[in-house]
Amino acid sequence: MKIVFATGEALPFIKSGGLADVLGSLPKALAAKGHECIVIIPKYADIKMADELEYVTNFYLWVGWRRCYCGVFKAVVDGVTYYFVDNEQYFKRPGLYGYDDDNERFAFYDFAVLECLSRLDIMPDILSLHDWQAAMIAPLYKERYAYYDYYGGVKLTFTIHNIAYQGKCDPKLLTDLFGLDNYLYYNGNVRNDDCMNMMKAAIVYSDAITTVSPSYANEILTDAYGEGLQSILGMRRHDLYGILNGVDYDTINPATDPEVEYNFDITNWKEMKAKNKEALQKEVGLPVDPEVCLIGIVTRLTWQKGLDLIINRMEEMMKRRVQFVILGSGDDRYEEPLKTIAAYHGDKISLNLKYDFGLSCRIYASCDAFLMPSLFEPCGLSQMMSMRYGTVPIVRETGGLRDSVQPFNEYDETGTGFSFTNYNAHEMLNIIDYALYIFYDYPEKWDGLVERAMQAQLDWDKSSDEYLRVFNSLLD
Ligand code: ADP
């Protein structure tokens, strides 16, 4: 099967969040099973290994009334072909998103993907679209390109990685950028809440919709989690599939990770994690203490990630025998209170307000527990990485956190982490207290937890088969 993936980001070339991890590892897993996988991303200024890309071709395309240059570059990594669509006006800037003209930049990208299919002769069986950046490819294909001779027969899937980011914009852009008829707005195909909505358009026009965990697939059908798209998703619920993301066990591997000082596996984790803990405490300026429970947090600082709960209970948690190492960047509304608390408790909290890949790996490898009390979590990769590195997750039971962390049962000694149900600061504190009780009073039970977490099967093997099942059902 030939599959083309359209996404705003993919490892190993560029990453702003979990989307890049998924698009770096799912195509690789499918390629290893013998399928031809092609990923198309913008050629940002920050693309890694930019000097090693091979120039392929260039052409001009139309974005509404704008005639735009489009260069194409190529690289092949782990059996997956990556194409980079180049337009310096749109993409030769720092970072990925957050510019005033993002709608225009990604309209260009959407046309570039569709043009590449014919100009590079890579017409796929499945065109797999990811999040709002690629969403408008679905109506463009179904309303225009499917009628061109070369294009018929491609099946479209749309994957929702986070329904909170929908690509809402002015309805005028439907014609101005995408050259599509206004009636698609008035008949509701691309409209939600009186504005144009790219994600809704993809939900309407795609042959199947997937999202990144089974629990999240159920949650987004409800008023509480659907972010206004629950009705249209309800209408398409028979074509909606929840498939848990995996992590790439080749790169997310404590035995080989070059960012980790003392590599380890299931046979020597206890000794090596203790050494890593000491090294991390020194690195982030915490008192070296092998006995204390060190809790890690690696996150974007946004409302989604449960920071309100953490900030609400942090003073109280400082009365416990714990240390926290926090790595994150984002909203001032969370950075400022965290700075204040950390200033008073420098001996217990190390606050690192930045994006730092190496430090994130060392936190996963060195801490005893990892806290992730999200308000909502489509899948979440951080808890899976921490489990792989023997760091016990403490999570809220939502979305992919519920599907990937099995709650600890102290009587039959099962489970891979700790979890609580309601978005409530006291519930979170209770479960942290319970985790600390097991950590300090029942170290052998804690060790069992660590080993079960390390052995949890959260790679792509099963999940990539589930994607194939969806793809095959469309081709049948
Ligand atoms: P989301 O995609 O919603 O941010 P995920 O848990 O799915 O959440 O993925 C987050 C990814 O980004 C993980 O790989 C995590 O390690 C990484 N990450 C988040 N914040 C930082 C940071 N400040 N520094 C380094 N890596 C980070």
Side-chain angles (χ1 to χ4, degrees), residues 4 6-8 40-42 59-70 85 87 89-91 96-118 127-148 151-152 154-209 220 226-236 239:
V4 168
T7 166
I40 307 182
I41 57 174
F59 49 82
Y60 280 79
L61 54 77
W62 293 94
V63 177
W65 47 267
R66 303 157 192 80
R67 188 162 181 266
C68 302
Y69 170 88
C70 180
V85 291
N87 178 300
Q89 182 196 337
Y90 289 136
F91 294 114
L96 290 84
Y97 324 118
Y99 290 98
D100 287 347
D101 61 346
D102 274 1
N103 293 324
E104 187 176 327
R105 297 167 73 219
F106 285 93
F108 165 83
Y109 168 76
D110 294 345
F111 278 109
V113 169
L114 286 164
E115 290 293 325
C116 280
L117 301 187
S118 59
L127 184 50
S128 167
L129 314 175
H130 295 263
D131 271 356
W132 70 266
Q133 296 91 335
M136 287 303 287
I137 292 174
L140 282 174
Y141 179 81
K142 289 280 173 81
E143 294 287 352
R144 269 177 67 176
Y145 280 78
Y147 296 100
Y148 302 163
Y151 280 83
V154 178
K155 294 293 178 187
L156 303 185
T157 63
F158 178 64
T159 302
I160 300 171
H161 293 260
N162 192 336
I163 206 165
Y165 304 97
Q166 299 179 359
K168 297 178 186 175
C169 61
D170 189 327
K172 287 190 197 115
L173 299 186
L174 185 62
T175 43
D176 185 70
L177 290 179
F178 297 98
L180 293 173
D181 200 304
N182 266 334
Y183 94 91
L184 301 179
Y185 179 76
Y186 294 111
N187 75 4
N189 281 4
V190 303
R191 186 185 74 219
N192 209 46
D193 289 341
D194 291 330
C195 64
M196 184 175 144
N197 188 310
M198 300 183 189
M199 197 172 260
K200 172 164 181 192
I203 293 167
V204 170
Y205 281 100
S206 297
D207 298 299
I209 302 121
I220 57 179
E227 298 280 341
L229 294 178
Q230 59 273 25
S231 303
I232 186 66
L233 282 166
M235 290 164 80
R236 299 235 42 205
D239 302 311

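Sorted by first then second residue, the side chain to side chain donor-acceptor pair (under 3.5 Å) pairs that include residues 179-192, not counting sequence neighbours, are Asn189-Tyr205.
One finds the CE atom of Met136 at 11.0 Å from the CG atom of Leu114 (value rounded to the nearest 0.5 Å). The distance from the NZ atom of Lys142 to the CG atom of Leu156 is 5.0 Å, given to the nearest 0.5 Å. Here the CG-CZ distance, from Asn103 to Phe108, works out to 15.5 Å after rounding to the nearest 0.5 Å. Distance check: Met199 CE to Gln133 CD gives 8.5 Å after rounding to the nearest 0.5 Å. One distance of note links CG of Leu180 with CD of Glu143; it measures 6.5 Å at 0.5 Å rounding. To the nearest 0.5 angstrom, Lys200 atom NZ is 10.5 Å from Leu233 atom CG.
Between Asn197 and Trp132, the side chains place no donor N or O within less than 3.5 Å of an acceptor N or O (distance only, hydrogens not considered).
Residues that satisfy the ring pair (Phe, Tyr, Trp, His ring centres under 6.0 Å) test with Tyr165, not counting sequence neighbours, are absent from this structure. When the salt bridge (Lys or Arg N to Asp or Glu O under 4.0 Å) test is applied to Glu104, the partners found at least two apart in sequence or on another chain are Arg66.
In this structure, the side chains of Ile40 and Val4 come closer than 4.5 Å at one or more pairs of heavy atoms. Counting heavy atoms from C-beta on, the side chains of Cys70 and Asn87 never come closer than 4.5 Å.
At least one donor-acceptor pair closer than 3.5 Å links the side chain of Gln166 to the backbone N or O of Glu227. Proximity of a side-chain donor or acceptor of Arg236 to a complementary backbone N or O of Ile203 within less than 3.5 Å is detected.
The distance between the ring centers of Tyr90 and Tyr109 does not fall below 6.0 angstrom. Taking the centre of each ring, Tyr141 and Tyr148 stay at or above the 6.0 Å mark.
Taking both residues in full, the closest heavy atoms of Phe111 and Phe178 are given as CZ-O, 3.5 Å, listed atom of the first, atom of the second, then distance. Taking all atoms of both residues into account, the shortest heavy-atom contact from Gly98 to Asp102 is N-OD2, 2.7 Å. Heavy atoms only, all atoms of each residue included: Leu117 and Tyr151 are closest at CB-CE2, 4.1 Å. Closest approach of Thr157 and Ser128 over heavy atoms only: OG1-CA, 3.4 Å. Closest of all the heavy-atom pairs between Ala135 and Leu129 is O-CD1, 4.4 Å. Of all heavy-atom pairs between Pro42 and Gly8, the closest is CD-O, 3.9 Å.
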What do the steps show when you test His161 against Thr159 for side chain to side chain donor-acceptor pair (under 3.5 Å), and what is the final call? CA-CA 6 Å; His161 293 260; Thr159 302; 4.9 Å; no
I would like to know whether Tyr60 and Glu115 meet side chain to side chain donor-acceptor pair (under 3.5 Å); could you show each step before the answer? CA-CA 10 Å; Tyr60 280 79; Glu115 290 293 325; over 6 Å; no
